[in-house]
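All values below were derived from every heavy atom in this structure, side-chain atoms included, with hydrogens, water molecules and symmetry-related copies excluded.
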Amino acid sequence: MIKIDVDLVSKLINSQFPKWSNLEIKPVKKGGNDNKTFHLGNSMSVRLPSDEVYVPQVEKEQKWLPILAERLSTPISEPLAKGEPNEDYPHPWSVNKWLDGETLTFENIDNSNQFANDLGEFLVELQSIDASGGPLAGEHNFYRGGDIAVYDDECRDAINNVNTFNKHLLKEIWELALTSKWSGEPVWIHGDIAPGNILIKNGKLCAVIDFGILGVGDPSCDAAMAWTFFDDSSRKTFKNALDFDAETWNRARGWALWKTLISYNYNKQSNKAVADEKFNIIKVIINDYETDR
């Protein structure tokens, strides 16, 4: 495994972008798993794939993010330069514009309903951009925007491994998600709309980052936050802003259930805090489903 640290980033910058070699390099406090991210001075960041499986994200972001950024009113990640593989690091990598803001939490938004509306409007705006020639959902983005049935076996295994919920009800929610497909033209999807990829400033949405799972297809996967973050009131606001049909919301609930179940099962023995969080989200999904039917 490659050790991705400040020394490596310094070598890469010095050899490929010497004009930036005097800038301070330090790790980002809350970096992701797919990519390792470092501050480069005050206005840039360096983003390196942590494994070969994430390498296709680099070309995709380099090509499409500048195009999307021009058409979005909310700031998003933007590449400034592309680094090349060399003897120190075997993959392409990116230098991006740094976006200020705090990672989304329940505590740093002024009004959850306003935030829900703003995030919904961002997604509607993203979906409205011409997706012709965009990267169709597939292996490069772990099938976000594709057919949720690709995770059928995994989700059913996760349901069978849960003993604290009504398995028949969980299967019912999952099977309902499988009964419909996206019938419209493919639209742009972020692929990982989650608190860690949303920035807040002065209590309001200020940027959306980490487009590594970007693709075009079914937008339902981008709506999972309806259950994984919002309360009853803000969930309604988010749903109203997105204005999906009932079948798309069924698939969105399925995406939320699949991701939450596998995370719950993974953490229930080793990380009680995360497991408790996922446990509560599963309860929200079930309660919302029972209310709707």
Side-chain angles (χ1 to χ4, degrees), residues 26-33 35 37-45 47 61 65 68-78 80 96-129 188-214 219-244 249 252-253 255-256 259-260 263 273-274 276-278 280-281 283-285 287-288:
K26 59 182 180 180
V28 169
K29 286 184 179 179
K30 294 184 178 180
N33 294 318
N35 296 269
T37 307
F38 297 79
H39 291 279
L40 179 60
N42 296 321
S43 61
M44 293 181 288
S45 65
R47 180 173 160 91
E61 291 177 327
L65 290 187
L68 297 178
E70 288 183 355
R71 293 162 173 77
L72 290 167
S73 52
T74 300
I76 65 170
S77 308
E78 282 190 72
L80 300 174
N96 292 337
K97 180 168 66 175
W98 178 257
L99 295 171
D100 284 325
E102 298 179 329
T103 301
L104 169 67
T105 66
F106 294 110
E107 291 76 28
N108 64 8
I109 48 175
D110 287 344
N111 183 302
S112 59
N113 281 298
Q114 182 62 56
F115 168 72
N117 184 73
D118 291 346
L119 181 61
E121 288 186 348
F122 166 80
L123 291 172
V124 169
E125 191 175 36
L126 177 65
Q127 293 158 19
S128 72
I129 299 171
W188 284 106
I189 57 110
H190 176 280
D192 194 15
I193 291 294
N197 297 327
I198 297 169
L199 300 183
I200 303 297
K201 184 184 291 184
N202 299 323
K204 295 179 175 58
L205 173 67
C206 71
V208 178
I209 61 173
D210 196 348
F211 281 74
I213 306 184
L214 179 72
S220 62
C221 62
D222 274 351
M225 264 187 61
W227 299 274
T228 61
F229 183 82
F230 294 119
D231 59 17
D232 290 346
S233 177
S234 53
R235 184 180 309 116
K236 290 177 183 176
T237 301
F238 187 57
K239 286 184 173 183
N240 288 337
L242 284 172
D243 195 27
F244 288 155
W249 280 116
R253 188 192 288 112
W255 281 106
K259 188 65 179 288
T260 306
S263 181
V274 173
D276 287 348
E277 175 195 350
K278 303 307 178 183
N280 289 330
I281 292 171
K283 287 200 300 184
V284 168
I285 293 170
N287 291 339
D288 182 67

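Pairing each heavy atom of Thr103 with each of Asn108, the nearest pair is O-ND2, 2.9 Å. Pairing each heavy atom of Ile193 with each of Ile198, the nearest pair is CG2-CD1, 4.2 Å. In this structure, Asn197 and Asp192 approach most closely via the heavy-atom pair ND2-O, 2.9 Å. In this structure, Val274 and Ser263 approach most closely via the heavy-atom pair CG1-OG, 4.2 Å. In terms of heavy atoms, Gly212 sits closest to Glu61 at N-OE2, 3.1 Å. Summarising the geometry of Asp100 relative to Cys206, their closest heavy-atom pair is O-SG, 3.5 Å, with the distance given to 0.1 Å.
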Kindly determine whether Phe229 and Leu119 satisfy side-chain contact (heavy atoms from CB on, under 4.5 Å), including the steps that lead there.
CA-CA 12 Å; Phe229 183 82; Leu119 181 61; over 6 Å; no

Show your reasoning for whether side-chain contact (heavy atoms from CB on, under 4.5 Å) applies to Val208 and Leu126.
CA-CA 11 Å; Val208 178; Leu126 177 65; over 6 Å; no

Stepwise, does the side-chain hydrogen bond (donor to acceptor under 3.5 Å, both in side chains) test hold for Asn113 with Thr237?
CA-CA 6 Å; Asn113 281 298; Thr237 301; 2.7 Å; yes

Could you please spell out the steps behind the side-chain contact (heavy atoms from CB on, under 4.5 Å) verdict for Trp98 and Val28?
CA-CA 11 Å; Trp98 178 257; Val28 169; 3.8 Å; yes

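Every residue meeting the ring pair (Phe, Tyr, Trp, His ring centres under 6.0 Å) condition with Trp249, not counting sequence neighbours, appears here in chain and number order: Trp227, Phe244. In this structure Lys259 satisfies the salt bridge (charged side-chain N to carboxylate O under 4.0 Å, His left out) test with no other residue, sequence neighbours excluded. Looking at residues two or more places apart in sequence or on another chain, you find no ring pair (Phe, Tyr, Trp, His ring centres under 6.0 Å) involving Phe122. Qualifying side chain to side chain donor-acceptor pair (under 3.5 Å) partners for Asp231, counting only residues two or more places apart in sequence or in other chains: Ser234. Applying the salt bridge (charged side-chain N to carboxylate O under 4.0 Å, His left out) test to Lys283 and every residue at least two apart in sequence or in another chain returns nothing. Contacts of Gln127 classified as side chain to side chain donor-acceptor pair (under 3.5 Å), with partners at least two apart in sequence or in another chain: none.
A distance-only check finds no donor-acceptor pair linking the side chain of Arg47 to the backbone of Thr37 [under 3.5 Å]. Counting only distance, with no hydrogens or angles, the side chain of His190 and the backbone of Asp210 share a donor-acceptor pair below 3.5 Å. Looking at Glu121, its side chain never comes within 3.5 Å of a backbone N or O of Ala241 through a donor-acceptor pair. Panel note: side chain Asp110, backbone Lys204; no donor-acceptor pair is recorded below 3.5 Å.
The line from CD of Glu78 to CG of Leu99 is 7.5 Å long, rounded to the nearest 0.5 Å. Annotation: the span from Ile129 atom CD1 to Leu72 atom CG amounts to 4.0 Å, rounded to 0.5 Å. Atom NZ of Lys29 and atom NE2 of His39 lie 8.0 Å apart (nearest 0.5 Å). Atom CG of Asp288 sits about 4.5 Å away from atom CZ of Arg235, to the nearest 0.5 Å. Here the straight-line distance linking atom CG of Leu65 with atom CD1 of Ile209 works out to 12.0 Å at 0.5 Å rounding. In this structure, the separation between CG on Leu199 and CG on Leu104 is 9.0 Å, given to the nearest 0.5 Å.
Side-chain contact between Asn280 and Val284 is absent, with no heavy-atom pair separated by less than 4.5 Å. Using a 4.5 Å cut-off on side-chain heavy atoms (C-beta onward), Ile189 and Cys221 make contact.
In summary, the aromatic rings of Phe238 and Phe115 are positioned with their centroids too far apart to meet the 6.0 Å limit.
At most 12 heavy atoms of other shown residues, nucleotides or ligands fall within 6.0 angstrom of atom NZ in Lys97.
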